[in-house]
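Written out below as structure tokens is the structure these notes cover.
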2 protein chains.
Amino acid sequence: MDNLITHFNQYLPLNELEVEALGIRVIEKTIKRRQFILNKGDTCRHYSFVSSGLLRKYAIDKNGCEFNIQFATENQWIQDLGSFNNNTPSQFYIEAIEPSILFQLDKNSLLYLLQNFPKFDRNFRVIMENKFINLENRIFQNISLSAEEGYKKFLNEYPELYNRLPNTQIASYLGITPEFLSKVRRNISLKD
Amino acid sequence: MDNLITHFNQYLPLNELEVEALGIRVIEKTIKRRQFILNKGDTCRHYSFVSSGLLRKYAIDKNGCEFNIQFATENQWIQDLGSFNNNTPSQFYIEAIEPSILFQLDKNSLLYLLQNFPKFDRNFRVIMENKFINLENRIFQNISLSAEEGYKKFLNEYPELYNRLPNTQIASYLGITPEFLSKVRRNISLKD
DNA sequence: AATTTATCTTAACTTAGTTTAAGAAAATTT
DNA sequence: AAATTTTCTTAAACTAAGTTAAGATAAATT
């Protein structure tokens, strides 16, 4: 559970009491490649912190095409917050791309921590703010950049993901077809 | 300041102490149409709560095109969170589309409230979460929907904005040109 | 009320991205 | 190691969206 503690310590560091309260509530979960921790239609019951591995959250549009909303690697949180908060059926799937180890908090545990230790409110607020800032940048990039520019930016921003993801997953994150990404990549390589 | 109080009361209601602490720190600001409360390159110094009116946050890409990142109407917050939190130059502009009345909190005031009343951590956490959920949906729509579908969805989700915004602002939010939006609108009206 | 400025539409043309299909290369599973 | 499945590439035909330019409408300012 070390990297979860370290993660929180980046913000307002936890004291012993808080570490203990967290430790007895967190559940470690090992999942295999291709395993789903959330299916469309189900209610999201856990916050999941990725200790190791790689997952993706995606949705399927009315034509059956998948679109990646988020990748989560080491030390990142992944969940469907809307579904979790409102107990509503999720529109998303969350699937492991690599075998992964998660630390999960269910709703009761999270509420307990939030209600008894204000520091968790603080820390999750700041964590959320950072995720929000990233998403706003992504929106801007998405509406303003061409496919080629967006792909280059992705490689620049997430170089470690390039080796871990098939291009088809990157295409789905950018909102373009794999065939067109192939064309884009060919174009880029011709330029050099 | 009533609607700011009401806004917070939707989450964890404020007690008298908290209302007072908030009240003496909030600054009311009246701004005219076309007035900017944030310019690119400046550091964002305030959280702004829209009491009345309408503002937009936008960025300009390398070709000089504007892209709307957010509209904020009555009872919504608007700021550049990245710039505010990290004291870094903003990449965004925030401009009033209608004459507006804002309630602003500067950094010291906000920090005071957060440090002395944990409820503000809680409330801003939940406010942030809701904004995050909306943004994730917007990302999904943006990468999965055609311009026509996106425009219809926008009208459905924000019917009150339709009468208050020129189409060119909606186009900029959707990430399409005003000319193409015109074409889309004509297409829609021909179908009925 | 008159003037200026911003917005909306149309059309012809160009470009970016999609679709379909098929084969090659790589990675996973057996 | 062989078989299967997934991923990647290419190409031709197509469609969605952008560009440029110009005139029409509407809204804001003086």
Side-chain angles (χ1 to χ4, degrees), chain A residues 31-35 53-54 56 58 61-68 71 95-100 141-155 161-191, chain B residues 31-35 53-54 56 58 61-68 71 95-100 141-155 161-191:
Chain A
I31 52 174
K32 291 185 249 175
R33 197 167 171 271
R34 301 263 152 106
Q35 188 175 336
L54 170 58
R56 67 174 180 134
Y58 69 93
D61 75 2
K62 60 177 192 319
N63 306 316
C65 299
E66 294 178 5
F67 290 89
N68 285 333
F71 297 118
E95 182 194 21
I97 292 180
E98 300 174 0
S100 305
Q141 289 170 27
N142 227 285
I143 62 182
S144 70
L145 299 183
S146 68
E148 177 169 336
E149 291 166 331
Y151 177 65
K152 283 179 175 167
K153 199 122 196 169
F154 182 89
L155 295 188
L161 285 181
Y162 171 70
N163 301 305
R164 295 168 73 178
L165 285 175
N167 284 315
T168 140
Q169 296 294 347
I170 298 176
S172 157
Y173 181 89
L174 297 173
I176 60 177
T177 59
E179 293 85 356
F180 188 59
L181 179 54
S182 213
K183 211 189 274 186
V184 164
R185 282 159 51 79
R186 181 151 178 280
N187 247 313
I188 292 175
S189 72
L190 287 180
K191 283 182 193 166
Chain B
I31 51 173
K32 291 185 249 175
R33 194 166 172 272
R34 300 264 153 107
Q35 190 175 337
L54 170 59
R56 67 175 180 132
Y58 68 92
D61 75 2
K62 61 179 190 318
N63 306 315
C65 298
E66 295 178 5
F67 290 89
N68 286 332
F71 296 117
E95 182 194 22
I97 292 180
E98 299 175 359
S100 305
Q141 289 169 28
N142 228 284
I143 61 183
S144 70
L145 298 184
S146 69
E148 177 169 336
E149 291 166 332
Y151 177 65
K152 283 178 173 166
K153 198 121 196 170
F154 182 89
L155 295 188
L161 286 182
Y162 172 70
N163 302 304
R164 296 168 72 177
L165 286 175
N167 283 315
T168 140
Q169 295 295 347
I170 298 176
S172 157
Y173 181 88
L174 296 173
I176 60 177
T177 60
E179 294 85 355
F180 187 60
L181 179 54
S182 212
K183 212 188 275 187
V184 164
R185 283 159 50 78
R186 182 151 177 279
N187 247 314
I188 293 175
S189 72
L190 286 180
K191 282 182 194 167

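Note on naming: letters A, B, ... go to the chains in the order of the sequence lines (proteins, then strands), and numbering restarts at 1 for each one. Here the structure is a predicted model, which means the values were calculated and not measured.
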CG of B:Leu165 versus C1' of C:dT7: gap in Å, rounded? 13 Å
Could you state the CG-P distance from A:Asn63 to C:dT20, rounded to the nearest angstrom? 10 Å
Nearest-Å distance, CD (B:Glu98) to P (D:dA27)? 14 Å
B:Arg186 CZ to D:dA24 P, straight-line distance once rounded to whole Å: 17 Å
How far apart are the C-alpha atoms of B:Lys183 and B:Glu179, what are their side-chain angles, what is the distance that settles it, and do they pass the salt bridge (Lys or Arg N to Asp or Glu O under 4.0 Å) test? CA-CA 6 Å; B:Lys183 212 188 275 187; B:Glu179 294 85 355; over 6 Å; no
Length of the CG-P vector between A:Asn142 and C:dA16, whole Å: 18 Å
Minimum-distance pair of heavy atoms, taken over all atoms of A:Leu145 and A:Glu149: CA-OE1, 3.5 Å
Say you draw a straight line from CD of A:Glu148 to CG of A:Leu174; how long is it, rounded to the nearest 0.5 Å? 12.0 Å
Using a 3.5 Å distance criterion without hydrogens, assess whether the side chain of B:Asn63 forms a donor-acceptor pair with backbone atoms of B:Cys65. no
Any sub-3.5 Å donor-acceptor pair from B:Ser100's side-chain atoms to B:Ile31's backbone N or O? no
Taking side chain to side chain contact (heavy atoms under 4.5 Å, CB included) as the test, write out the residues that go with A:Arg33, two or more places apart. A:Pro99
Would you please confirm or rule out a distance under 4.0 Å between OP1 or OP2 of D:dT29 and any side-chain N or O of B:Arg33? yes
Quick one: is D:dT9 close enough that its OP1 or OP2 comes under 4.0 Å of any side-chain N or O from A:Arg185? yes
In whole angstrom, what separates B:Asn187's CG from C:dA11's P? 12 Å
List in numerical order all residues of residues 171-184 of chain A for which some heavy atom is under 4.0 Å away from an atom belonging to DNA chain C. A:Gly175, A:Ile176, A:Thr177, A:Glu179, A:Phe180, A:Lys183
Fit a plane to each ring of A:Tyr173 and A:Phe71, take the angle between them on a 0 to 90° scale, and name the class: parallel (under 30°), tilted (30 to 60°) or perpendicular (over 60°). parallel
Using five base pairs at each end to define the local axes, how bent is the helix from C:dA1-D:dT30 to C:dT30-D:dA1, to the nearest 10°? 70°
Would you say B:Asn167 places a side-chain N or O within less than 4.0 Å of OP1 or OP2 belonging to C:dC8? yes
Rounded to whole Å, the CD1-C1' distance (B:Ile170 to C:dC8) equals 13 Å
Rounded distance (Å) that lies between atom P of C:dT28 and atom NZ of A:Lys32: 16 Å
Is it true that a side-chain atom of A:Thr168 and a backbone atom of A:Pro178 form a donor plus acceptor pair closer than 3.5 Å? no
Any side-chain N or O of B:Arg34 under 4.0 Å from OP1/OP2 of D:dT29? no
What's the shortest heavy-atom distance between B:Ser189 and B:Arg186, and which atoms? OG-O, 2.9 Å
